[in-house]
K.L.:
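One structure coming up, written as structure tokens, with questions to follow.
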Amino acid sequence: MNAVPLNKNQHALTKDRVVTILGATGSIGQSTVDLVRRSSGKFRVEALTAHSNVGELAKLARELNVKFAAVADEKCYADLKDALAGSGIEAGAGESALVEAALRPANWVMAAMSGAAGLKPAMAAAGRGVVVALANKECLVCAGEVFMRHAAANGATVLPVDSEHNALFQAMGAGRREDLVRVILTASGGPFRSATLAQIENATVEQALKHPNWSMGRKITIDSATMFNKALEIIEAYHLFELRADQIDVLVHPQSIIHGLVEFSDRSVVAQMGAPDMRTPIAHCLAWPERIDGPANRLDLAQIGQLTFEAPDPVRFPALRLVQEALVAGGAVPTILNAANEVAVAAFLDRKIGFGGIPLLVEATMSAMARQGNNKAPASADEALNIDYNARNVAATLAPQLALKAS
Ligand code: NDP
């Protein structure tokens, strides 16, 4: 039932690849476009989507000569239509247009919208039985069982874009699934790896947005600083690879060269390495099961000199404790954790709560929702989005009550 292909090469090769990029204007979307651009016409692009960045979306749509471009924000429809006038490119807006983009006849869909808003379009793409390159981890955290079941039932191939999961996917090819003992997700530790608890709790938006190794969108950059990114990735790995929670470990590795490791029963540990550049895992997914030339810097280990490792610290980074609680509780709790975290990150970026308030708000929301007593796991995307909606409301109500100090 696992829709992540392990050592199976059942899908069309790159020469037949028609691509749709959901979240084309974002960090992952732009990296995907960069690879398409460099591929000298190997990939045709069918559709692109964005939230509201009409200018960039229209520019990309024209450059790549796509058939359909859609924005989530309905207020942007007229602007998008104007920006595409005379190009022959169809414009769409709203949630249904994003789903339509996912339903267009591409056989490779990049799901790179940020947040739980990515769930329905990703489900639509998976429902067509195509290759879904999944960057949007929130959709697995919010509705992991629903999404993976849907993908498997429709014959979709889910390829992990997240560098750690892509690394695990590649390393898993070294052995049989039944011989796998555990996986290790590496974490850079983010900008506050060596900071004290007090420094972390009082960190500013500017400090939190300064990731030492990766250049990413704002939400995931804050998630890296709180280590909620790693928490979400644990749940992502749990669903993608059908692992038990006790088979997923986290290792802090500040250089971000080793992205993931897989331990097999004979105690062999297989790692995947590469310079920290998302175009490498994206290229792996774009060409899979072939390989294409990647533009990232070649790895020069002699120049790097040292790779170091540390145990993660769940005291300074409560996200690592909260994710274990969410996995043990199961049911709706991972969905609640994700929703509360999205609200908390947005509130932090709006300077309404402090950095230390992010895990506090997530924990308070988890507790408040637990007291309401409904912990049923979502059985559909709509149920997941309903839990997500309720959890967001609870988090939004709790944020001011916690009297968090803006930094
Ligand atoms: P960005 O914020 O850079 O881009 C997000 C994209 O999604 C943009 O195209 C944005 O459009 C669009 N978008 C945002 N909100 C909505 C919405 N409500 N409805 C529809 N479209 C929306 O994010 P990233 O590229 O950094 O991340 C995308 C996903 O990939 C996330 O789930 C993240 O966790 C995951 N990921 C990212 C990595 C990275 O290195 N960046 C690494 C691994 C995973 P607009 O530009 O108009 O706002």
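Worth knowing before you read on, the calculation uses all heavy atoms, side chains too, and leaves out hydrogens, waters and symmetry mates. Remember, it's 1-based here, ligands and their atoms both numbered in the order they're listed. Nothing fancy with the numbering, it's 1 onward along the sequence. Bear in mind the structure is a predicted one, so any value in this text is a computation, not a measurement.
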K.L.:
Quick one: do Arg321 and Glu325 make a salt bridge, cutoff under 4.0 Å?
P.N.:
yes
K.L.:
Just which atoms of ligand 1 are under 4.0 Å from any heavy atom in Leu98?
P.N.:
20 (C)
K.L.:
Find all atoms of ligand 1 within a distance of less than 4.0 Å from any non-hydrogen atom belonging to Glu138, and give their numbers and elements.
P.N.:
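In order of number, 31 (C), 32 (O), 34 (O).
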K.L.:
Against Glu90, only a single residue in Lys81, Lys67, Arg104 fulfils side-chain contact (heavy atoms from CB on, under 4.5 Å); can you say which?
P.N.:
Arg104
K.L.:
Pick one of side chain, backbone, both or neither for how Lys137 approaches ligand 1, counting any non-hydrogen atom pair under 4.0 Å.
P.N.:
both
K.L.:
Could you check Ser256 against Asn213 for side chain to side chain donor-acceptor pair (under 3.5 Å), going step by step and ending with a plain yes or no?
P.N.:
CA-CA 7 Å; Ser256 297; Asn213 303 342; 2.7 Å; yes
K.L.:
Taking only heavy atoms of Ala72 into account, list the atoms of ligand 1 that are under 4.0 Å away from them.
P.N.:
19 (N), 20 (C)
K.L.:
Which of the atoms in ligand 1, numbered in the order shown and given with their element, are less than 4.0 Å from a heavy-atom of Ala24?
P.N.:
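Here the atoms of ligand 1 in question are 9 (O).
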K.L.:
Hey, which atoms in ligand 1 end up nearer than 4.0 Å to a heavy atom of Met216?
P.N.:
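Heavy-atom distances to Met216 below 4.0 Å select 39 (C), 40 (O), 41 (N).
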K.L.:
Name the option, out of Gly118, Ser114, Ser224, Gly94, that contains the heavy atom nearest to atom 23 (O) of ligand 1.
P.N.:
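Of the listed residues, Ser114 has the closest heavy atom.
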K.L.:
Do the ring planes of Phe169 and His284 sit parallel (below 30°), tilted (30 to 60°) or perpendicular (above 60°)?
P.N.:
perpendicular
K.L.:
I need the atoms of ligand 1 closer than 4.0 Å to a non-hydrogen atom of Ala117, numbered in the order shown.
P.N.:
17 (C), 18 (N), 19 (N)
K.L.:
Before accepting this row, confirm whether a basic side-chain N of the pair Lys137/Glu233 lies closer than 4.0 Å to the acidic partner's carboxylate O.
P.N.:
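Yes.
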K.L.:
Pick, from Val71, Ile21, Ile220, Asn229, the option with the minimum heavy-atom distance to atom 33 (C) of ligand 1.
P.N.:
Ile220
K.L.:
Ile28 heavy atoms, cut-off 4.0 Å: which ligand 1 atoms fall inside?
P.N.:
25 (O), 30 (O), 37 (C), 38 (C), 39 (C), 40 (O), 41 (N), 42 (C)
K.L.:
State which residue, out of Leu22, Leu103, Val131, fulfils the side-chain contact (heavy atoms from CB on, under 4.5 Å) condition with Val109.
P.N.:
Leu22
K.L.:
Quick check on contacts: which atoms of ligand 1 are under 4.0 angstrom from a heavy atom of Ala135?
P.N.:
30 (O), 32 (O), 35 (C), 36 (N), 44 (C)
K.L.:
Between Glu242 and Arg177, does at least one N-O distance fall below 4.0 Å, as a salt bridge requires?
P.N.:
no
K.L.:
What part of Thr25, side chain, backbone, both or neither, has a heavy atom within less than 4.0 angstrom of ligand 1?
P.N.:
both
K.L.:
Give me the nearest non-hydrogen protein atom to atom 29 (C) of ligand 1 as residue plus atom name, then the distance to 0.1 Å.
P.N.:
Met113 O, 3.6 Å
K.L.:
If you round to the nearest 0.5 Å, how far is CD of Glu95 from CG of Leu385?
P.N.:
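That separation rounds to 7.5 Å.
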